[in-house]
Amino acid sequence: LHTIDGDLTINWIDATDLDELSSLSYIGGDLTISGNDWLNDISGLANLTSVLGSASVRHNPLLCASSVSSFLANTSITGSATQQGNDDGC
């Protein structure tokens, strides 16, 4: 999977990482990652270069806010980029 023409929503999954998305480079809509209690690593999205909509990473209690900030800063996002409620203590 290299491209998604629409939105990608990752909510309430039991996974700890997103490694299965490592070949994804383009999202033609919004990206939402929220409410994932066990997610602690988004490095599987390292090849994602473009999001044509907005990106929101919220309420993932084990996911380091600093890694989310780095991911959002290194990805071309046409709309807004927000994060909230991720782990600030790492």
Run the side-chain contact (heavy atoms from CB on, under 4.5 Å) test on Ile10 and Thr32 for me, step by step, so that the C-alpha distance in whole Å, both residues' side-chain angles and the decisive distance to 0.1 Å come before the verdict. CA-CA 6 Å; Ile10 302 169; Thr32 304; over 6 Å; no
Identify which one of Leu18, Thr3, Leu8 satisfies the side-chain contact (heavy atoms from CB on, under 4.5 Å) criterion when paired with Leu24. Leu8
Pairing residues for [X] by the side-chain hydrogen bond (donor to acceptor under 3.5 Å, both in side chains) criterion, not counting sequence neighbours:
X: Asn60; value: Asn36, Asn86
X: Asp87; value: none
X: Ser70; value: Asn74
X: Ser69; value: Gln83

Applying side-chain contact (heavy atoms from CB on, under 4.5 Å), can you list everything that pairs with [X], at least two apart in sequence or on another chain?
X: Ser22; value: none
X: Thr75; value: Leu48, Val51, Phe71, Ile77
X: Thr16; value: Trp38, Asn40
X: Ser23; value: His2

Applying the 4.5 Å side-chain criterion to the ILVMFWY set and letting contacts propagate, would [X] and [Y] be lumped into a single cluster?
X: Leu39; Y: Leu72; result: yes
X: Ile13; Y: Leu63; result: yes
X: Leu21; Y: Ile4; result: yes

With rounding to the nearest 0.5 Å, note down the distance linking CD in Glu20 to CG in Leu1.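 That separation rounds to 11.0 Å.
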Mind checking the CG-NE2 spacing from Asp37 to His59? Nearest 0.5 Å is all I need. 11.5 Å
Please examine the side chains of Ile27 and Leu52, heavy atoms only from C-beta on, and report whether any two atoms are closer than 4.5 Å. no
Keeping to residues at least two apart or across chains, list the side chain to side chain donor-acceptor pair (under 3.5 Å) pairs with something in residues 6-15. Asn11-Ser34
Sort and list the pairs that fulfil side chain to side chain donor-acceptor pair (under 3.5 Å) and have at least one residue in residues 42-51, not counting sequence neighbours.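 As it turns out, the side chain to side chain donor-acceptor pair (under 3.5 Å) pairs with a partner in residues 42-51, which skip direct neighbours, are Asp41-Ser43.
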If a pair satisfies disulfide bond (SG atoms under 2.5 Å apart) and one of its residues is in residues 12-90, list it, with sequence neighbours excluded.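 As it turns out, the disulfide bond (SG atoms under 2.5 Å apart) pairs with a partner in residues 12-90, which skip direct neighbours, are Cys64-Cys90.
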